[in-house]
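In what follows, a structure is listed as structure tokens, so that the remarks can point back to it.
Remember, it's 1-based here, ligands and their atoms both numbered in the order they're listed. All values below were derived from every heavy atom in this structure, side-chain atoms included, with hydrogens, water molecules and symmetry-related copies excluded.
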Amino acid sequence: MRKIVVGSRRSNLAITQSEWVIEQLKKHAGDKFDFEIKKIVTKGDQILNVTLSKVGGKGLFVKEIEKAMYDKEIDFAVHSMKDMPAVMPEGLVIGAIPEREDHRDAFISNDHVRLEDLPSGAIVGTSSLRRGSQILAERPDLKIQWIRGNIETRMRKLKEENFDAIILAAAGLKRMKWNEDIVTQFLEPDVCVPAVGQGALAIECREDDRELLELLEKIKDTYTEKTVTAERTFLHLLNGGCSVPIGGYAYLNGEDVVLTALVASSDGKTVLKEVAKGRNPEEVGKTAAERLQERGAQKLVDEAIEENQE
Ligand SMILES: NCc1[nH]cc(CCC(=O)O)c1CC(=O)O
């Protein structure tokens with residue numbers, strides 16, 4: 001029997017996600033494999049008082065975990081797909097993308113006041129430029145205020161601090177089995193295009209770990225793989241990172257991947273959106289990126305990157 005060590009960030013969400021993957025794998029592991037979770041504290045978890053995009057963004061959460069993987073202290077790690085960099089480091093691969101959870105953003109307000117009914121000047125907490133921008137596009141009269149911390153912290157801040165509403169990924173809440181009654185409304189992609197990969201998981205492992213890769217094969221989900229590939233190809237080609245309001249969501253219609261892609265300005269005054277369709281996920285991602293670029297998306301990206309460096 002081989003003991004597989006799973007590296008996980010210590011947040012409840014990270015642990016829950018790792019446990020969920022282990023449950024899925026156990027169905028196929030027979031008596032060949034055994035699993036253990038090893039908690040790892042990342043820089044991203046330590047720096048909590050700064051806007052995410054200003055402290056180096058995505059890479060922050062994954063670096064320490066990857067070092068542990070190179071050092072063989074852990075065998076695989078479960079990441080939220082939306083926190084994954086576009087390019088994988090040497091020697092590591094995404095061994096599997098399992099079935100996606102809910103892709104939507106969840107709007108949570110005090111007294112369940114809906115987004116359209118919030119009074120002018122009401123404060124919406126989010127640390128995502130993408131969410132802030134799309135909220136302002138719908139409701140330019142609202143105020144966006146940065147909020148950080150894990151899901152529990154943000155829920156507490158909604159009650160205790162001066163926020164009227166916050167937005168969280170529906171997937172996180174569902175994975176944690178929180179009562180859905182706390183959600184005022186789920187924001188569909190036509191109102192708020194989700195983050196690329198939102199709700200999906202990426203399982204990262206060493207590329208030479210054949211035995212583990214064979215096991216991971218069993219929990220791959222083709223639907224999620226195809227749609228997330230279209231979304232990530234688009235993101236990668238626009239080169240946005242998380243300092244730019246960018247969103248992307250794809251679904252399958254028969255054999256066709258249908259991708260909605262968005263680039264916007266932080267104030268929500270400029271919102272560029274394109275829908276691309278086709279059989280090949282990479283092509284669809286590329287088409288969306290090209291069409292947005294033709295409409296001036298690169299200018300938005302460059303401006304956002306510049307703003308972020310100030
Ligand atoms: N940005 C942090 C983060 N990374 C993944 C999730 C939730 C799960 C997911 O989107 O897959 C969250 C919390 C949130 O955005 O509310």
Using a strict 4.0 Å cut-off to heavy atoms of [X], name the atoms of ligand 1 that fall inside it.
X: D83; answer: 4 (N), 5 (C)
X: R131; answer: 14 (C), 15 (O), 16 (O)
X: L168; answer: 16 (O)

Would you say K174 touches ligand 1, if touching means a heavy atom closer than 4.0 Å?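 No heavy atom of K174 comes that close to ligand 1.
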Of all the heavy atoms in L201, does at least one lie under 4.0 Å from an atom in ligand 1?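 Outside the 4.0 Å threshold, so no.
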The option among K82, Q17, R148 carrying the non-hydrogen atom nearest to atom 15 (O) of ligand 1 is K82
Nearest candidate to atom 11 (O) of ligand 1, where distance is taken over non-hydrogen atoms, out of A14, A202, G199: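 That would be G199.
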Between atom CD of E101 and atom CG of L173, what is the distance when rounded to the nearest 0.5 Å?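 Separation between the atoms: 9.5 Å.
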Please find the pair of heavy atoms, one from L136 and one from L142, that lie closest to each other, and give the distance.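 Of all heavy-atom pairs spanning L136 and L142, the closest is CD2-O, 3.4 Å.
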Exercise: identify the closest heavy-atom pair between G7 and I40: CA-CD1, 4.3 Å
So among D102, I151, L13, which one has a side chain to side chain contact (heavy atoms under 4.5 Å, CB included) with R175?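 With R175 as partner, side chain to side chain contact (heavy atoms under 4.5 Å, CB included) holds for just one option, L13.
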Is any N or O atom of A169, backbone or side chain, closer than 3.5 Å to an N or O atom of ligand 1? yes
Pairs of nitrogen or oxygen atoms closer than 3.5 Å, one from Q198 and one from ligand 1: do any exist? no
Do E231 side-chain atoms and G197 backbone N/O form a donor-acceptor pair below 3.5 Å?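 Looks like yes, one N/O pair under 3.5 Å.
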Within the supplied structure, the quantity of interest is the number of heavy atoms (other residues, nucleotides, ligands) at a distance under 6.0 Å from K299 NZ; does it exceed 12?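 No, not enclosed.
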Side chain, backbone, both or neither: which applies to I167 and ligand 1 if a contact is any heavy-atom pair less than 4.0 Å apart? neither
Would you please test E64 and K67 for salt bridge (Lys or Arg N to Asp or Glu O under 4.0 Å) and show each step? CA-CA 5 Å; E64 273 91 343; K67 181 175 182 301; over 6 Å; no
